[in-house]
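Chain letters run A, B, ... following the sequence lines, proteins first and then strands; every chain starts at 1. Heavy atoms only: backbone and side chains are in, while hydrogens, waters and symmetry mates are out.
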There are 2 protein chains.
Amino acid sequence: MPHDGEWAATTKGEATAARIRAVALDQFSQLGFERVTMAGIAKAARVSQPALHYHFEDKAHLWRSAMLGLRAVIQEEERLIEAAADAPPLTQLRVAMRLFLQISWKHPALGRIVALEGMAGGERLEWLDRHLLGARNRRLAAIAGEAIAAGDLLPYPPEQIVVTLQTAAVGVINLAPLMRTTFDCDVAADRAIHDEMILEAVLGGFLTEKGRRAREETQ
Amino acid sequence: MPHDGEWAATTKGEATAARIRAVALDQFSQLGFERVTMAGIAKAARVSQPALHYHFEDKAHLWRSAMLGLRAVIQEEERLIEAAADAPPLTQLRVAMRLFLQISWKHPALGRIVALEGMAGGERLEWLDRHLLGARNRRLAAIAGEAIAAGDLLPYPPEQIVVTLQTAAVGVINLAPLMRTTFDCDVAADRAIHDEMILEAVLGGFLTEKGRRAREETQ
DNA sequence: CCAATTTCTGATTACAAAATCAGAAAAGCT
DNA sequence: AGCTTTTCTGATTTTGTAATCAGAAATTGG
């Protein structure tokens, strides 16, 4: 009895289902939903194409199931952000951005999928909002709002700040193929420099005078 | 004798071809190449589906032809950047970012397509690099390098700076559907605030002390 | 106004990919 | 070992869409 929400123990079936999910996540994030074929996933996962329909009802279910593999990652992120809830809002934001960068390097699929579906709209975006990202993003916007109220962050719309910070952070990661084509450079090579750039220059650019002084004291 | 490189005068045919190109650009940018169907374009352009194959050899040709509609825009941008070539590099960068924002609002299709194809890689990305964006982006990276050499910009890799600035600038524009889903807010509403945010906070964040002083003098 | 040319349509073909199904192989259980 | 259930495959059907073609309508030029 396959394609159900939750999965049985470590049976043979779950092993291949996991392999399929991993391949699917990879392909969906690189190519987008439509460019990916069930046959292509099947081949990469070394199973026949009907095996996919055995484990997952259809292509949409497979997509969602693959996304759910990232839910643990996001939940852990949310947990770590909440753990800093007593710190000043600006510190929380910095923590959140560090986590965001970490996740973006470790799971580049996530940022690409958000970009793909966030531009197109539709039911997959709604699903992502409801089951994966909405809560976290609204939480971050609230923190940004607090940081503004505290006088540490420039008073721009918190939602715009959050999304701008995030898109800046994943920009060169998502656009790795473009970086190679246009500049012939490998992004992953200087990850440390990149992360410092995002934290210092981009996040730093949103700080007020007061926020900048606070930063120097804290570090 | 249709689907050739350059188009005749203002015949009946060119009018519908232009209409098709406009619809195609719109749909390609919102949905990506694969999600768009020839029938869908035909319907939106109020012609039969074979009419598309009369004017454009195939779907790929239609895509390229639609993109070429943006070439004039980019060329004008390059011209205006070169016009400022005698100004200090930092000023050139600010000019370039202002232009970039202007274009991104006026032709949101461009940023979305760069995001889509820049993530996926492949021959469409190569085409974009060769015919539309490569020269401009490498020029911008060179300017950023000069600004660093002049001590006005923080010394991060110029390519990363340029792409990060651009992705930050188009972030909330590209992700308008996400902004609506997650935050229920309309991005276009506060365009002026957004642009100020990008220029002051994001570009501002990359300035050195010296660059920041230079900014205050210039304005 | 008539002929030539351009522009476009309806009908059809070709094809790729998702989905289904009957049954084979493998795994688990007693 | 022998039976049952799970897991998977080969073959097939169905569907959606790009591409083709023959000919109709519209447009243009003499």
Side-chain angles (χ1 to χ4, degrees), chain A residues 1-28 30-67 120 122-124, chain B residues 1-28 30-67 120 122-124:
Chain A
M1 97 206 27
H3 43 80
D4 280 337
E6 290 311 314
W7 323 297
T10 340
T11 72
K12 165 89 173 184
E14 172 48 25
T16 60
R19 206 169 63 243
I20 293 170
R21 270 194 296 270
V23 169
L25 182 63
D26 201 56
Q27 298 207 6
F28 279 133
Q30 294 209 26
L31 304 169
F33 187 80
E34 341 288 326
R35 255 188 265 212
V36 171
T37 69
M38 297 296 265
I41 296 174
K43 191 175 177 187
R46 301 187 312 280
V47 288
S48 70
Q49 185 255 13
L52 269 56
H53 287 282
Y54 171 73
H55 289 284
F56 309 96
E57 194 171 328
D58 59 20
K59 199 178 172 184
H61 278 78
L62 173 54
W63 185 89
R64 287 196 287 270
S65 189
M67 290 308 121
E123 60 178 26
R124 283 194 295 278
Chain B
M1 98 203 25
H3 43 80
D4 279 337
E6 289 314 313
W7 324 296
T10 340
T11 71
K12 165 91 173 180
E14 172 49 24
T16 61
R19 205 169 63 243
I20 292 170
R21 270 194 296 271
V23 170
L25 182 63
D26 200 56
Q27 299 209 5
F28 281 133
Q30 293 210 28
L31 304 169
F33 187 80
E34 342 287 327
R35 255 188 265 210
V36 171
T37 69
M38 297 296 266
I41 296 173
K43 190 175 180 187
R46 300 186 313 279
V47 287
S48 70
Q49 184 254 14
L52 302 194
H53 287 283
Y54 172 73
H55 289 284
F56 310 95
E57 194 172 327
D58 57 21
K59 199 178 172 185
H61 277 80
L62 173 54
W63 184 89
R64 288 197 286 271
S65 188
M67 290 308 121
E123 61 177 25
R124 283 194 297 277

For this session: Working to the nearest 0.5 Å, report the span between CG of L62(A) and NZ of K59(A).
Result: 9.0 Å

Problem set entry | Distance, nearest 0.5 Å, that separates CD of Q30(A) from CZ of R35(A) |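 Between Q30(A) CD and R35(A) CZ, I get 10.5 Å after rounding to 0.5 Å.
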
Is the phosphate of [N] approached by [X] (side-chain N or O, under 4.0 Å from OP1 or OP2)?
X	N	answer
T16(B)	dC8(C)	yes
H55(B)	dT6(C)	no
Y54(A)	dC8(D)	no

How many Å lie between [atom1] on [X] and [atom2] on [N], as a whole number?
X	N	atom1	atom2	value
M38(B)	dT9(C)	CE	C1'	15 Å
H61(B)	dA19(D)	NE2	P	10 Å
R46(B)	dT9(C)	CZ	P	11 Å
E14(B)	dA26(D)	CD	P	21 Å
L52(B)	dT20(D)	CG	C1'	14 Å
I20(A)	dA18(C)	CD1	C1'	15 Å
E34(A)	dA18(C)	CD	P	10 Å
F56(A)	dA19(C)	CZ	C1'	16 Å

Nearest heavy atoms of [X] and [Y], plus distance in Å:
X	Y	value
I20(A)	F56(A)	CG2-CE1, 3.6 Å
M67(B)	L25(B)	CE-CD1, 3.6 Å
Q27(A)	A44(A)	NE2-CB, 3.8 Å

Where the side chain of [X] is concerned, which of [options] is the nearest nucleotide?
X	options	value
P50(B)	dA17(C), dA19(D), dG10(C)	dG10(C)
H53(B)	dT20(C), dA18(D), dC8(D)	dA18(D)
T37(A)	dC8(C), dA17(C), dT9(D)	dA17(C)

Exercise. Got a donor-acceptor pair under 3.5 Å from the side chain of Q49(A) to the base of dA19(C)?
Worked result: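 Per atom types, the contact qualifies.
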
Exercise. When all nucleic acid strands are considered with a 4.0 Å heavy-atom cut-off, which category describes S48(B): base, sugar-phosphate, or nothing?
Worked result: base

Exercise. Just checking A39(A): base, sugar-phosphate only, or nothing, at a heavy-atom cut-off of under 4.0 Å?
Worked result: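 The answer is sugar-phosphate, as A39(A) gets under 4.0 Å only of primed atoms, P, OP1 or OP2.
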
